[in-house]
Every structure is written in structure tokens, then in C-alpha cells.
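So the structure is just underneath, and the comments pick up after that.
One is the number of the first residue; the rest follow in order along the sequence.
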Amino acid sequence: LPPGSCRAFWGWLNAVFNKVDHERIRAVGPDRAASEWLLRCGALVRYQGSPKWQQDYNGLPTGPLGKYKIEAINATDSCIMHRGFEYLDGLEHVTDIKLEKCMYIQDECLQRLSETSNLQKSLQQLKIISCGNVTDKGILALHKLTNLEYLYLSDLPGIREKETTFRVLQQALPKLELELDLE
């Protein structure tokens, strides 16, 4: 195999995993469709009223449409990318998202996240860790998440204007608890 072709293949496959299937959303509901997307990409989901994380695609619970509502998303080491974020639009109960070591997460994704009206209402906790493509612009975009209570940022080399960025964010979201572990 020529160098780089394996990576190109995975990039292509990840793009396929992130393609939004509107038929599927209509057929199984937004939470089920988003669960399938997230698990296909290597993320975990936790449903309302359940302590356990779902990680096995084939072990996703079945039941009446809309029975299982995603409450938390752990996207550590996953291949979620911007084009899949449309799956988040229909989720009404997500309070907690963790994005860690996500190579495809960049400012555009955080912008998309913060413009998702359901997440503006429900999201309370967000952790962004070791996502090398995130810059100040992406962090500043989070100001639209008006119910965010806790934001944890760690190992984000793309953030250059720390003081300014955090001051602006704190002014926009006065009740936000901001925890930083940045160089």
C-alpha cells in the first residue's frame, strides 16, 4: 500500500459513517438514529434514567419509538465529524458532552454545536480535551450555549488568546464554571 492510502481510506470510511440518513431519522426517531451514528463512529451514549454507557452497536436497546433518550455523549477517540452533527438537531435531552482526542473536531463543529437550538436549551456540561484542531474561534462560538453550567478545557494547543477568549466567554455566560488545564 502506498503511504497515506490507509489514512485516506479511513478518512473516506469516516466520512461515510458521518453521512446523515434522513430516512433513518424518520423511521427510528432522532435519539435512535443519533445513537447509531455515534456508536458507528466509536463514541458512547448514555440514556436518561440509566447509569450505563452504551458502546455496543448491536446491543442498542430496542423498544417503542422514542423510549430511549440520549442524555450524555462521550466521543473520546471517536471519528465524529461536522457532517454528522445534523444528527444532534433532534436530541432534546442531552445534558453532557465530552469531546476527547477527536481528530475531526474543529471550530466548525463547535460552532454547529452551539447553534443547535435543542442543545442551547439542554446542554449543561461540556468537556473538550486534546482536540488539536480547536482554536479560540471555536471556544468563543460556545457563547450561544446559554444553559451551559460547566466547561472543561484541557490540552488544546490551538488556543492562543487564552485570557481574552475566556474573559469574553465568561461575560457572555456569567453563570458558567470554566475549568482550564491548558499550557
Please determine whether residues [X] and [Y] belong to a single hydrophobic cluster, defined as Ile, Leu, Val, Met, Phe, Trp and Tyr linked transitively by side-chain heavy-atom distances below 4.5 Å.
| X | Y | result |
| --- | --- | --- |
| Y104 | L38 | no |
| W53 | I73 | no |
| F17 | L39 | no |
| L148 | L178 | yes |
| I97 | V134 | yes |

Are [X] and [Y] side-chain neighbours, meaning at least one heavy-atom pair lies under 4.5 Å?
| X | Y | result |
| --- | --- | --- |
| L126 | L142 | yes |
| V94 | L88 | no |
| T146 | K121 | no |
| K52 | Q54 | yes |

Expected output: side-chain [X] to main-chain [Y] donor-acceptor under 3.5 Å:
| X | Y | result |
| --- | --- | --- |
| R160 | P157 | yes |
| Y87 | D21 | yes |
| S154 | I129 | no |
| N18 | M81 | yes |
| N147 | Q124 | no |
| D107 | T135 | yes |
| D31 | G66 | no |

TODO: Test side-chain contact (heavy atoms from CB on, under 4.5 Å) on L176 and E149 and set out the steps.
DONE: CA-CA 5 Å; L176 178 69; E149 292 167 9; 5.8 Å; no

Could you measure the distance from the [atom1] atom of [X] to the [atom2] atom of [Y]? Nearest 0.5 Å is fine.
| X | Y | atom1 | atom2 | answer |
| --- | --- | --- | --- | --- |
| D155 | E100 | CG | CD | 9.0 Å |
| L156 | L99 | CG | CG | 10.0 Å |
| S122 | D96 | OG | CG | 10.5 Å |
| T95 | R46 | OG1 | CZ | 6.5 Å |
| S130 | D181 | OG | CG | 9.0 Å |
| Q125 | E177 | CD | CD | 8.5 Å |

Salt-bridged, [X] to [Y], with N to O below 4.0 Å?
| X | Y | result |
| --- | --- | --- |
| D89 | R112 | yes |
| R26 | E23 | yes |
| R32 | E36 | yes |

Task: Residue pair T116 / N118, side-chain donor-acceptor N/O under 3.5 Å - done: no

TODO: Look at the aromatic rings of W37 and F85 and report parallel, tilted or perpendicular, splitting at 30° and 60°.
DONE: perpendicular

- [ ] Let me know which of Y47, Y57, Y68 forms a side chain to side chain donor-acceptor pair (under 3.5 Å) with S35.
- [x] Y47

